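The shown structure was predicted, so the numbers you read here are calculated from the model rather than taken from an experiment. Naming convention: chains lettered A, B, ... in sequence-line order (proteins, then strands); numbering from 1 in each chain. Below, all heavy atoms of this structure are taken into account, side chains as well, without hydrogens, waters or symmetry copies.
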Protein chains: 2
Amino acid sequence: MNERRRAILEAAARVIARRGVRGLRVEELAAEARVSKALVYYHFGDRAGLLRHTLRFIGERADRYTRGRPPGRGEPEDSLRELERRLLLELQDVPGVRENSTAWGELRASAVFEPELREELRQAGGEWVREIADLLGRVDPSAPDAALVSAAERLVVLLEGLSTRWLIGVLPTGHARELMRGAVTAEVEGLGRGVGLPERCPVGRVR
Amino acid sequence: MNERRRAILEAAARVIARRGVRGLRVEELAAEARVSKALVYYHFGDRAGLLRHTLRFIGERADRYTRGRPPGRGEPEDSLRELERRLLLELQDVPGVRENSTAWGELRASAVFEPELREELRQAGGEWVREIADLLGRVDPSAPDAALVSAAERLVVLLEGLSTRWLIGVLPTGHARELMRGAVTAEVEGLGRGVGLPERCPVGRVR
DNA sequence: GTCTATAAAGCGATAGAC
DNA sequence: GTCTATCGCTTTATAGAC
């Protein structure tokens with residue numbers, strides 16, 4: 001990928017995190033990337049094209065810090081702990097993370113009115129769910145697949161909701177993280193008891 | 001309240017649901033309300049004032065269809081059923097409901113960048129949580145208050161997340177409702193076992 | 001590929017009559 | 001309270017030189 005292209009996308013992420021998709025002005029973005037306005041149009045066609053590419057760019061960048069990188073110096077990590085870590089990763093008061101979360105949340109919200117962003121979001125969401133479902137499966141290997149997927153979907157969607165409220169500022173970081181952890185616990189417990197399946201056994205089995 | 005004022009606010013909700021906050025053009029809104037542009041400014045000062053008033057208007061309207069109105073002809077409703085009904089109310093493919101949800105979600109999302117919307121959102125969110133916590137308390141009267149509130153917060157935030165994905169169109173209505181129901185079940189079960197509290201007893205009591 | 005300059009349109013906001 | 005008319009800035013997008 002061209003170096004300028006990348007610079008523009010990085011600037012776009014920054015500006016979206018600062019002003020929102022609604023507040024994104026091609027001129028501000030160009031200044032931020034130290035590039036002329038015309039170059040932006042040259043590379044991305046129009047505003048909508050720019051948004052599409054930025055969405056993908058941000059998604060890939062999130063992948064990079066979400067996947068991989070265990071926290072310690074190589075001790076094999078408990079599955080439950082890894083699950084929590086992954087889900088809590090987005091709820092951190094660290095500038096880079098916050099920027100990515102803000103921009104991603106903004107693009108997700110604008111997708112309600114911009115259908116061309118949907119496919120990308122659907123895909124990214126699907127991958128997230130599969131990964132979380134995998135981790136849940138390692139925590140409770142006896143749980144049926146459908147239960148794992150449902151639980152994962154709920155956790156991922158909850159995270160999105162928490163993220164929005166956290167970014168708005170009506171939910172302090174610590175509280176958001178606590179709620180997320182609580183949900184993980186509740187879902188894992190639920191898996192063990194067979195709760196939350198389409199057809200469920202009301203007083204589930206014991207492992 | 002003035003009749004025209006109300007007409008303008010109704011039109012604003014409709015236009016926001018159709019085009020988003022960013023897509024709201026005072027001119028379109030005025031046309032929709034069959035009113036002149038100048039009248040909008042006369043009543044609400046400026047664009048921002050209009051948005052503030054619209055947020056409150058939409059919130060009150062949501063209250064009206066969320067609270068009250070039991071479904072049957074007066075059979076006393078099971079608390080658990082009422083809880084589910086309340087939480088599922090927003091996830092319906094009914095034009096009026098969808099319009100309100102869309103506009104509300106849009107305003108919530110824009111609050112990340114418009115601090116003057118926060119107070120209203122914080123309040124509305126708080127009331128929601130209290131109501132859901134109350135219902136949870138009726139389902140499980142022995143659960144401690146802190147657990148009720150945490151569970152309620154998770155349910156409300158999950159609903160917001162589901163709503164967004166549902167409105168984007170990446171989550172079909174039925175699936176969203178199923179996930180919501182599953183979460184209610186998981187949380188209620190969790191209450192019974194003392195799961196998800198700050199300090200929790202790992203193998204909870206039995207009722 | 002990248003820039004400067006400019007067209008073209010959009011849109012928020014106000015003035016002033018009724 | 002409500003309208004018509006209009007101002008003037010902002011913002012997207014393109015033309016054309018290098």
* Asked: In residues 11-21 of chain A, which residues come under 4.0 Å of DNA chain C by heavy atom?
  ->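 Close to the strand, none.
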* Would you please confirm or rule out a distance under 4.0 Å between OP1 or OP2 of D:dT2 and any side-chain N or O of B:Arg4? => yes
Please tabulate, for side-chain N and O atoms in residues 108-117 of chain A, each donor-acceptor pair with protein atoms closer than 3.5 Å (sequence neighbours left out).
{"from": "A:Ser110", "atom 1": "OG", "to": "A:Glu106", "atom 2": "O", "distance (Å)": "2.6"}
{"from": "A:Ser110", "atom 1": "OG", "to": "A:Leu107", "atom 2": "O", "distance (Å)": "3.3"}

* Asked: With sequence neighbours left out, what residues match B:Tyr41 under ring pair (Phe, Tyr, Trp, His ring centres under 6.0 Å)?
  ->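 Applying ring pair (Phe, Tyr, Trp, His ring centres under 6.0 Å) to B:Tyr41 gives none.
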* To do: Tell me, please, which residues at least two apart from B:His43 pass ring pair (Phe, Tyr, Trp, His ring centres under 6.0 Å).
  => none
Assess whether a salt bridge exists between [X] and [Y], defined as any Lys/Arg side-chain N lying under 4.0 Å from an Asp/Glu carboxylate O.
X: A:Glu82; Y: A:Arg86; answer: yes
X: B:Glu10; Y: B:Arg6; answer: yes
X: B:Glu119; Y: B:Arg122; answer: yes

* Output the distance between atom CD1 (A:Ile16) and atom CD (A:Glu99), rounded to the nearest 0.5 Å. =>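 Output value for this atom pair is 10.0 Å.
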Over how many whole Å does the gap from [X] atom [atom1] to [N] atom [atom2] extend?
X: B:Arg34; N: D:dC3; atom1: CZ; atom2: P; value: 12 Å
X: B:Arg6; N: D:dG1; atom1: CZ; atom2: P; value: 16 Å
X: A:Leu51; N: D:dT11; atom1: CG; atom2: P; value: 15 Å
X: A:Leu39; N: D:dT12; atom1: CG; atom2: C1'; value: 16 Å
X: A:Tyr42; N: C:dG1; atom1: OH; atom2: C1'; value: 5 Å
X: B:Ile8; N: D:dG1; atom1: CD1; atom2: C1'; value: 11 Å
X: A:His43; N: C:dC3; atom1: NE2; atom2: C1'; value: 12 Å
X: A:Arg22; N: D:dT12; atom1: CZ; atom2: P; value: 15 Å

* Structure fact -> Its contact letters, B for base, S for sugar-phosphate only and - for none at protein heavy atoms under 4.0 Å, make nucleotides 12-18 of chain C read BBBB---
* Asked: With A:Arg14, which residues qualify under side-chain hydrogen bond (donor to acceptor under 3.5 Å, both in side chains), at least two apart?
  ->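 side-chain hydrogen bond (donor to acceptor under 3.5 Å, both in side chains) check on A:Arg14 returns A:Glu32.
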* Would B:Asn2 and B:Ile8 count as a side-chain contact (heavy atoms from CB on, under 4.5 Å) if you check the C-alpha gap in whole Å, the side-chain angles of each, and the deciding distance to 0.1 Å? -> CA-CA 10 Å; B:Asn2 196 318; B:Ile8 292 171; over 6 Å; no
